[in-house]
Amino acid sequence: MAVLLALMPVWAAAQDCPIDQAAATRLLDEVNAERLQVGLIAVRPEAALTEAAQDHACDMLLHGYFDHRGRDGSSPKTRAEAAGYRACMILENIAMGQRDPRGVIGDWMNSPGHRNNILNKDAEDAGIAIAREANRPPIYVMVLASPCR
């Protein structure tokens, strides 16, 4: 069973865990395909947001929880800032249990909150992480943001 949440808070310290970078790239491609279909610009991968997404995905996977708020009370914004990204707008989608990026984007696009995040006209940058480990459902984290100028 897949689980979805949208828009609340997260963060975690950098940890060693299995990140599926190839699948994260495919998920970003799926997100951008949805954006382009409605005339929005593609979001670009951003290293600090990816770091924040990886830290949170790993923390959830390794500590057995699923929430936008980190175990330390952090939010997507505080995690992004800790990674070096100064966000004026930030959104987060998380998912757990889908088999692949296509399943995640399908579930997100069928959820009004997740869909609104993906199709947010102000989003410019993205960080996506997928943490996988044997005998545990994969954890997906996507952070969309715009920097303060």
Side-chain angles (χ1 to χ4, degrees), residues 1-32 34-35 43-120 122-149:
M1 180 174 132
V3 179
L4 298 173
L5 291 177
L7 256 163
M8 278 187 44
V10 206
W11 127 282
Q15 301 171 50
D16 214 12
C17 82
I19 294 291
D20 188 340
Q21 191 56 50
T25 299
R26 288 193 308 275
L27 184 53
L28 179 61
D29 291 343
E30 296 283 352
V31 166
N32 281 330
E34 295 293 341
R35 291 177 62 82
V43 290
R44 17 172 222 266
E46 205 290 323
L49 294 178
T50 299
E51 179 183 327
Q54 288 175 345
D55 286 350
H56 189 53
C58 286
D59 196 59
M60 288 191 289
L61 181 76
L62 297 175
H63 293 96
Y65 74 100
F66 184 71
D67 198 335
H68 289 283
R69 185 166 301 283
R71 290 180 306 127
D72 63 355
S74 62
S75 71
K77 184 170 183 167
T78 59
R79 285 189 296 278
E81 288 173 349
Y85 189 94
R86 188 167 164 249
C88 277
M89 185 282 297
I90 195 158
L91 304 165
E92 182 180 73
N93 283 1
I94 62 176
M96 180 174 62
Q98 292 83 353
R99 296 172 65 90
D100 57 36
R102 191 73 206 131
V104 174
I105 197 69
D107 287 350
W108 282 347
M109 292 305 289
N110 286 314
S111 164
H114 294 95
R115 179 184 180 89
N116 289 341
N117 287 352
I118 290 166
L119 300 180
N120 184 291
D122 296 323
E124 297 177 27
D125 299 322
I128 296 178
I130 302 166
R132 296 182 188 272
E133 191 172 68
N135 302 318
R136 294 184 188 183
I139 303 270
Y140 302 81
V141 176
M142 176 179 68
V143 180
L144 298 172
S146 293
C148 294
R149 292 183 180 18

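By convention here, the first residue in the shown sequence is residue 1. Remember, it's a predicted structure, so these values are computed and weren't measured experimentally. Computed from heavy atoms alone, side chains included, the values below leave out hydrogens, waters and symmetry copies.
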Indicate the atoms forming the closest heavy-atom contact of [X] with [Y], along with that distance.
X: P137; Y: L61; answer: O-CD1, 3.8 Å
X: D122; Y: N120; answer: N-OD1, 2.7 Å
X: Y140; Y: G97; answer: CE1-N, 4.5 Å
X: S74; Y: T78; answer: CB-OG1, 3.3 Å
X: C17; Y: A131; answer: SG-CB, 4.1 Å
X: G127; Y: A53; answer: O-CB, 3.8 Å

Is it the case that the side chain of [X] and the backbone of [Y] share a donor-acceptor pair, with hydrogens and angles ignored and the cut-off at 3.5 Å?
X: K77; Y: I90; result: no
X: R35; Y: A123; result: yes
X: E46; Y: L49; result: yes

Practice task
Would you please say whether a donor-acceptor pair under 3.5 Å links the side chains of Y65 and D59?
Solution key: yes
[atom2] on [Y] to [atom1] on [X], rounded to 0.5 Å:
X: Y85; Y: S146; atom1: OH; atom2: OG; result: 5.5 Å
X: E124; Y: C88; atom1: CD; atom2: SG; result: 10.0 Å
X: T50; Y: M142; atom1: OG1; atom2: CE; result: 12.0 Å
X: E133; Y: L62; atom1: CD; atom2: CG; result: 6.0 Å
X: I139; Y: I130; atom1: CD1; atom2: CD1; result: 11.0 Å

Problem - Note, P138 side chain near D20 side chain (heavy atom, < 4.5 Å) - result: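 Contact flag for P138/D20 side chains = no.
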Problem - Trace of the side-chain contact (heavy atoms from CB on, under 4.5 Å) decision for M60 with V141 - result: CA-CA 10 Å; M60 288 191 289; V141 176; 3.6 Å; yes
Exercise for the section: Please test Q54 against Q21 for side-chain contact (heavy atoms from CB on, under 4.5 Å), starting from the C-alpha separation and ending with a verdict. Expected result: CA-CA 10 Å; Q54 288 175 345; Q21 191 56 50; 3.5 Å; yes
Exercise for the section: Using the side-chain contact (heavy atoms from CB on, under 4.5 Å) rule, take L91 and N116 through it: C-alpha gap first, then chi angles, then the decisive distance, then the call. Expected result: CA-CA 10 Å; L91 304 165; N116 289 341; over 6 Å; no
Handout entry: Identified side chain to side chain contact (heavy atoms under 4.5 Å, CB included) counterpart of W108 within the set I94, N117, N93
Key = N93
Practice task
Identify which one of H114, Q98, R102 satisfies the side-chain hydrogen bond (donor to acceptor under 3.5 Å, both in side chains) criterion when paired with D107.
Solution key: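 Testing D107 for a side-chain hydrogen bond (donor to acceptor under 3.5 Å, both in side chains) against H114, Q98, R102 leaves exactly one candidate, Q98.
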